[in-house]
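Data first, discussion second: the structure below is written as structure tokens.
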Amino acid sequence: MVITDQLIAYKTINNLLKQCKTIKQIHQLHAHFITTGLLSLNPCHNQSKILIAVTTIKPTSSSTNLLSYAVSVFNSIPNPSTFCFNTIIRAHTLLSSPLNALLFFSQMRSVSVPPDFHSFPFVLKACSQLGSLSSAQTIHSQALKIGFVSDLFVSNSLIHIYSVSHRLRDALYMFDESSHRDVVSYNALIDGCVKSGDVAKARELFDKMPFRDSVSWGTLVSGYAKSGLCKEAIQLFHEMELNIRPDNIALVSALSACAQLGELECGKRIHDYIQESRIRVDSFLSTGLVDFYAKCGYIEIAIEIFESSQDKNLCTWNAMLVGLAMHGHGQLLLDYFSRMINAGVEPDGVTFLGVLAGCSHAGLVDEARKLFDKMESVYGVSRELKHYGCMADLLGRADLIKEAMDMINKMPMSGDVSVWSGLLGGCRIHGNVEIAVQAADHVMELKPEDGGVYKMMADLYADAERWEDVVKIRTCMDAGKVKKIAGCSLIQLNGVMHEFVAGDDLHPQTDDIYVVLNAIGKHQNEPC
DNA sequence: ATAGGGTTAG
């Protein structure tokens with residue numbers, strides 16, 4: 001190779017491009033490229049280097065500027081090569097503009113620039129970002145025609161898109177058909193099994209794969225946690241610790257399992273591990289920790305972690321709000337909600353579930369009504385059945401049964417079990433038999449196997465001394481169909497799990513527990 | 001230059 005001044009300048013600029021942190025720096029280098037004539041040396045290749053540099057910039061406010069710059073660079077290339085097209089498609093997938101990525105791909109096809117084995121993974125990623133299975137199928141057929149499906153990256157991209165589109169059979173087909181598979185093929189398919197609800201199949205693949213990396217472990221731990229198999233999730237996490245260093249993703253999933261189960265000791269150990277290993281607490285981990293401590297009863301620690309967290313996202317805020325709601329801290333929750341809005345975080349449906357549930361528990365009726373009104377008009381969050389359910393519960397508790405009934409009648413959709421059960425709960429508290437009968441009819445129609453309604457109606461009639469009706473209800477219950485699912489709760493104390501089922505007396509300290517419970521009950525009835 | 005796993009609610 002002949003070392004020329006031009007080559008040195010080219011290499012320097014190439015390295016400088018890689019180090020660019022801002023769009024301004026790229027502009028300067030781009031200008032330099034033009035003025036020194038280096039751009040004309042190999043225009044297609046060098047312009048693409050600029051495009052690649054653009055995509056490595058961390059988007060600050062919006063990626064729109066970066067993309068429009070990238071497009072203008074692309075448009076200045078007279079006859080873009082495959083490499084150029086790949087780069088502009090890649091830029092759009094990286095900066096979350098998948099539709100445009102697909103449009104560039106179709107432009108590429110229409111001007112007969114042949115795609116290569118780099119093109120397909122980019123384009124398929126755009127399909128998965130769009131959630132468009134049909135586009136993926138089209139791309140798949142093109143890849144098949146040109147003969148790229150045997151490429152490992154292409155076939156893995158296809159396994160992935162079919163997995164996330166809940167097309168497990170297609171994902172399995174791709175997996176079985178691919179001549180060579182690697183750990184990524186297995187991981188993508190394991191995720192597909194999890195997403196299609198077949199955790200057993202996921203486990204089977206996990207057990208038989210020749211090599212497992214942290215993604216394999218993390219996928220299955222989170223799969224178990226999401227499928228409600230929390231004990232399995234924690235067990236697998238412990239097994240993982242013996243084999244490989246858990247990363248943030250595995251830690252988050254394990255924390256979620258601990259939170260769901262109330263596994264205080266296990267979750268604390270994870271927290272200790274995070275601190276000892278000086279793991280950077282990202283927004284996912286802070287969410288996991290806040291949720292975990294809140295669910296295990298330690299709302300103060302949850303608040304502490306939330307406040308000290310450097311990295312919060314919508315879920316972190318939601319976990320905090322839901323935690324405060326669970327603990328009955330209604331006023332504090334409203335303060336946090338305002339802080340969230342002021343911080344520029346856009347609330348979603350979960351946010352409002354937390355806020356409304358919190359108001360309900362704290363009896364903050366006016367506040368809830370106002371926020372419920374503003375949900376769509378001010379915050380642009382659509383009011384779903386769950387939110388109406390919260391309102392029915394809140395109004396019912398506050399003895400505003402008529403208002404709750406009016407709300408339900410005016411709803412744009414028909415009420416579901418949660419809405420009518422919410423209203424029924426209010427009727428039960430305030431002894432409103434008439435409305436209770438209507439609400440109960442709806443619940444029984446929508447969920448005939450629900451035993452709770454019958455129990456509630458029996459109690460209501462008993463309070464109203466309508467004994468004949470009590471007998472009728474009991475007869476219905478005994479007649480079958482009704483599943484009596486007993487309420488149950490778990491609490492861990494000093495490392496021992498205590499389990500209670502409604503009405504049981506199996507705990508060794510049952511008598512003592514009831515003495516305290518009765519005392520609390522009496523205390524609650526006394527005026528504060 | 002290309003492929004895979006994460007948190008909140010229900």
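From a predicted model like this one, the values you see are computed outputs, not experimental measurements. So that the names make sense, note that chain A is the first sequence line, chain B the second, and so on, each numbered from 1.
Within 4.0 Å (heavy atoms only), S214(A) reaches at least one base atom of the nucleic acid. Residue D348(A) is out of contact with every strand shown, counting any heavy-atom pair closer than 4.0 Å.
We find that CG of D116(A) is positioned 13 Å from P of dA1(B), with the value rounded to whole Å. Between the P atom of dT8(B) and the CG atom of D311(A) lies a distance of 16 Å, rounded to the nearest Å. The interatomic distance linking R280(A) (CZ) with dT7(B) (C1') rounds to 14 Å, in whole Å. What separates NE2 of H140(A) from C1' of dA3(B) is a distance of 15 Å, to the nearest Å. The interatomic distance linking L289(A) (CG) with dG6(B) (C1') rounds to 13 Å, in whole Å. Atoms CZ (F292(A)) and C1' (dG6(B)) sit 18 Å apart, rounded to a whole Å. Nucleotide dA3(B) holds its C1' atom 13 Å from the CG atom of L94(A), rounded to whole Å.
Between the side-chain ring of H118(A) and the base of dA1(B), a stacking contact exists by the 5.5 Å and 30° definition. An aromatic stacking contact between F284(A) and the base of dT7(B) is absent, as defined here by ring centres under 5.5 Å apart and ring planes under 30° from parallel.
At a cut-off of 3.5 Å, with distance as the only test, a side-chain donor of S119(A) or D116(A) sits close to an acceptor on the other residue.
The environment of OH in Y298(A) is sparse: at most 12 heavy-atom neighbours from other residues, nucleotides or ligands sit within 6.0 Å.
In this structure, K226(A) reaches the dG6(B) phosphate: one of its side-chain N or O atoms is under 4.0 Å from OP1 or OP2. In terms of phosphate contacts, S256(A) brings a side-chain nitrogen or oxygen within less than 4.0 Å of OP1 or OP2 of dT8(B). Remark: K125(A) is not in phosphate contact with dT2(B), judged by side-chain N or O atoms under 4.0 Å from OP1 or OP2. Put simply, K295(A) has a side-chain N or O that comes within less than 4.0 Å of OP1 or OP2 on dA9(B).
The aromatic rings of W420(A) and H442(A) lie parallel to each other, their planes meeting at an angle below 30°, with 60° marking the opposite boundary.
A donor N or O paired with an acceptor N or O is not found under 3.5 Å between the base of dG6(B) and the side-chain atoms of D247(A). With hydrogens and angles ignored, no donor-acceptor pair under 3.5 angstrom links the side chain of N318(A) to the base of dA9(B).
Checking each of I299(A), I305(A), L332(A), T287(A) against M320(A) for a side-chain contact (heavy atoms from CB on, under 4.5 Å) leaves exactly one that passes, namely I299(A).
The two residues R383(A) and F372(A) make their nearest non-hydrogen contact at NH1-O, 2.9 Å.
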